[in-house]
Amino acid sequence: MAQPKVEKLITAIDIGSWKVSALIAGRTDTGELAILGTGQRESRGVRRGFIADMERTELAVRETVEQAERVAGTNIEDVWVSFSGGSLVSDVVTVERDMGGYRVEQPDIDDLLATGQQGIDPDGRVVLHAQPTCFTINGRVPVKKPLGMHADLLGVDIHVVLADGAPLANLDLCVRGAYLNVNSIVASPIATGLACLSEEERDLGVALVELGAGVTNVSLYAGGMLVGLHSIPIGASDITDDIASAFGIRRSQAERIKCFYGSAMQNRRDFREMIEIASPHGEALVAGQSAGPNAEGGKITRAALVGVICERLNQLMAEVNTALAGMGFNSPTGRQVVLTGGGAEMKGIADYAQGALGRAVRIGRPRGLAALPEAHSGPAFATLAGLALYGATNPVDLRTMAPAPQTVHRLGAPQWWQRMVRAMRTNY
């Protein structure tokens with residue numbers, strides 16, 4: 001059986017506070033998006049989602065892409081890049097146009113979108129996304145394609161994501177310094193939602209909580225679009241730092257202990273299970289420090305470890321609850337919360353979050369990609385997969401529209417006649 005032919009290459013780069021990962025995908029002639037190569041390196045210059053060291057970040061990007069290119073057996077030039085910094089702001093702009101009951105044609109839609117483009121007020125920020133998400137007829141009937149329909153009033157909801165300009169410029173510089181062209185910088189919640197959430201979930205209403213290393217992004221979807229966004233400067237790396245501080249060990253050792261023995265839920269056996277935190281020779285893992293006040297003879301109970309983890313998780317979930325309430329996510333408990341990001345890989349985190357948030361919680365994993373390696377199929381790589389899906393669909397963005405010279409106005413008699421002539425020519 002012949003292999004599907006790859007028609008287009010899409011390369012995604014997720015630059016996080018803990019890791020830099022890259023994915024090269026190919027869109028085949030069957031419409032499927034297949035993974036050709038992946039790469040990953042430790043993130044050496046990113047703090048809380050922002051670039052803190054340009055040179056180290058640039059080097060990490062270059063090494064990650066080179067690794068993915070070797071696996072894929074190809075060289076790439078254009079990439080899609082994620083941005084997860086805490087300066088993201090989401091808004092929805094609604095624009096309407098009086099149609100007088102006539103049939104909607106493409107110039108009407110173009111005029112409406114141009115008016116929406118002119119009506120976006122960035123307030124000193126950079127417009128990262130400006131995407132039409134839903135058209136309405138007569139102010140209340142949502143439609144996907146209004147072309148050819150009759151309407152008294154034609155409206156559109158435009159989803160806008162804003163960000164501070166300096167962090168975006170630094171991110172763009174780092175990627176271009178690795179000899180890559182940036183197709184677009186994509187807000188992490190948009191990419192992650194594309195990979196983890198179904199269309200029905202986004203329509204009915206769902207909260208997406210991305211537990212990153214340095215930042216936790218809480219986003220709210222309703223009516224098929226992102227309607228709220230809040231960033232919390234707490235992440236999984238804070239749990240690692242808490243463990244290192246509590247037991248007097250290195251960050252690398254704390255991360256290993258968290259991954260192998262950590263849990264968000266405690267049970268009675270944890271008080272009997274001991275974890276070795278000293279080196280084979282018995283000395284403390286950090287020079288000049290003991291093994292910490294909670295350690296005895298270079299060992300700790302798993303219950304002590306879980307206690308440190310839960311203390312930080314309690315703080316984080318309280319912030320998540322506050323963010324959800326601030327965005328109006330206090331309707332009936334049927335609404336779901338989806339956890340994703342590297343922090344969502346911790347054992348028992350879904351059960352813990354369900355109790356802390358009082359809502360149904362599931363772990364969000366990437367989907368919609370063929371031949372995704374098992375190592376990249378977890379929630380830590382949801383943003384990376386979503387970037388590839390975003391690049392494959394390349395949704396309409398009003399930022400790329402040329403400014404329209406005309407203004408929106410009610411149709412006069414001559415224009416009405418011209419519209420009727422056009423309608424007759426198209427076999428109306």
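- Here the CD1-CZ distance, from Ile309 to Arg302, works out to 8.5 Å after rounding to the nearest 0.5 Å.
- Cation-pi geometry between Lys19 and Phe381 is met: under 6.0 angstrom from the ring centre, within 45 degrees of the axis.
- Expressed to the nearest 0.5 Å, how far CE of Met225 lies from CG of Asp203 amounts to 10.0 Å.
- Atom CD of Glu200 is surrounded by 12 or fewer heavy atoms from other residues, nucleotides or ligands within 6.0 Å.
- Residue pairs that meet the ring-ring contact (aromatic ring centres under 6.0 Å, His included) test with at least one member in residues 126-148, sequence neighbours left out, are His129-Tyr390.
- Glu199 and Lys144 are joined by a salt bridge, as a carboxylate oxygen and a charged side-chain nitrogen come within less than 4.0 angstrom of each other.
- Side-chain contact check for Thr57 versus Ser43: every heavy-atom pair is 4.5 Å or farther apart.
- Taking OG from Ser377 and CD1 from Ile35, the interatomic distance works out to 11.0 Å, rounded to the nearest 0.5 Å.
- The number of heavy-atom neighbours closer than 6.0 Å to CD of Glu55, taken from other residues, nucleotides and ligands shown, is 12 or below.
- You'll find the side chain of Met99 stays beyond 4.5 Å of the side chain of Leu153, heavy atoms only.
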Practice problem: Output, in order, the C-alpha distance, side-chain angles, deciding distance and verdict of side-chain contact (heavy atoms from CB on, under 4.5 Å) for Val61 and Leu180. | Solution: CA-CA 10 Å; Val61 169; Leu180 299 167; 4.2 Å; yes
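- Using a 4.5 Å heavy-atom threshold, the side chains of Asp123 and Leu162 count as separate.
- Taking OG1 of Thr393 as the start and CG of Leu33 as the end, the distance is 9.5 Å to the nearest 0.5 Å.
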Could you list the donor-acceptor pairs under 3.5 angstrom formed between side-chain atoms of residues 72-86 and any protein atom two or more places apart in sequence or on another chain?
unit_1, atom_1, unit_2, atom_2, d
Asp78, OD1, Asn181, ND2, 3.2
Ser82, OG, Asp14, OD1, 2.6

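- Between Val337 and Val209, the closest side-chain pair of non-hydrogen atoms falls below 4.5 Å.
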Distance-only donor-acceptor hits, side chain of residues 233-243, under 3.5 Å, sequence neighbours excluded:
unit_1, atom_1, unit_2, atom_2, d
Ser237, OG, Ala213, O, 2.6
Asp238, OD1, Arg48, NH2, 2.9
Asp238, OD2, Arg48, NH1, 2.8
Asp238, OD2, Gly235, N, 2.8
Thr240, OG1, Glu255, OE1, 2.6
Thr240, OG1, Lys258, NZ, 2.9
Asp241, OD1, Arg251, NE, 2.7
Asp242, OD1, Arg312, NH2, 3.1
Asp242, OD2, Arg312, NE, 2.7
Asp242, OD2, Arg312, NH2, 3.3

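- The shortest heavy-atom contact between Ser231 and Asn217 is OG-OD1, 2.5 Å.
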Exercise. Mind running side-chain contact (heavy atoms from CB on, under 4.5 Å) on Leu128 and Val126 for me, showing each step along the way?
Key: CA-CA 6 Å; Leu128 196 58; Val126 173; 5.6 Å; no
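- For the residue pair Leu369 and Ala385, the shortest heavy atom distance occurs at CD1-CB, 3.4 Å.
- When side chains are defined from C-beta on, Gln131 does not count as touching Leu398, because their heavy atoms never get closer than 4.5 Å.
- If you check the side chains of Asp270 and Tyr261, you find no donor sitting under 3.5 Å from an acceptor.
- Under the 4.5 Å side-chain criterion, counting only non-hydrogen atoms from C-beta, Asp121 is not in contact with Val93.
- A donor atom on one side chain and an acceptor atom on the other are not found under 3.5 Å apart for Arg359 and Gln354.
- Ion pairing between Arg44 and Glu58 fails under the 4.0 Å rule for side-chain N and carboxylate O.
- Within the structure, the side-chain hydrogen bond (donor to acceptor under 3.5 Å, both in side chains) test picks out the following pairs touching residues 151-160 (sequence neighbours left out): Ser90-His159, Thr94-Asp157.
- Within 6.0 Å of CD in Glu311 there are 12 or fewer heavy atoms belonging to other residues, nucleotides or ligands.
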Atom pairs and distances, donor-acceptor, side-chain atoms in residues 182-190, under 3.5 Å, two or more places apart:
unit_1, atom_1, unit_2, atom_2, d
Ser188, OG, Glu210, OE1, 2.8
Ser188, OG, Thr383, OG1, 3.4

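- Shown here are the salt bridge (Lys or Arg N to Asp or Glu O under 4.0 Å) partners of Glu42, two or more places apart in sequence or in another chain: there are none.
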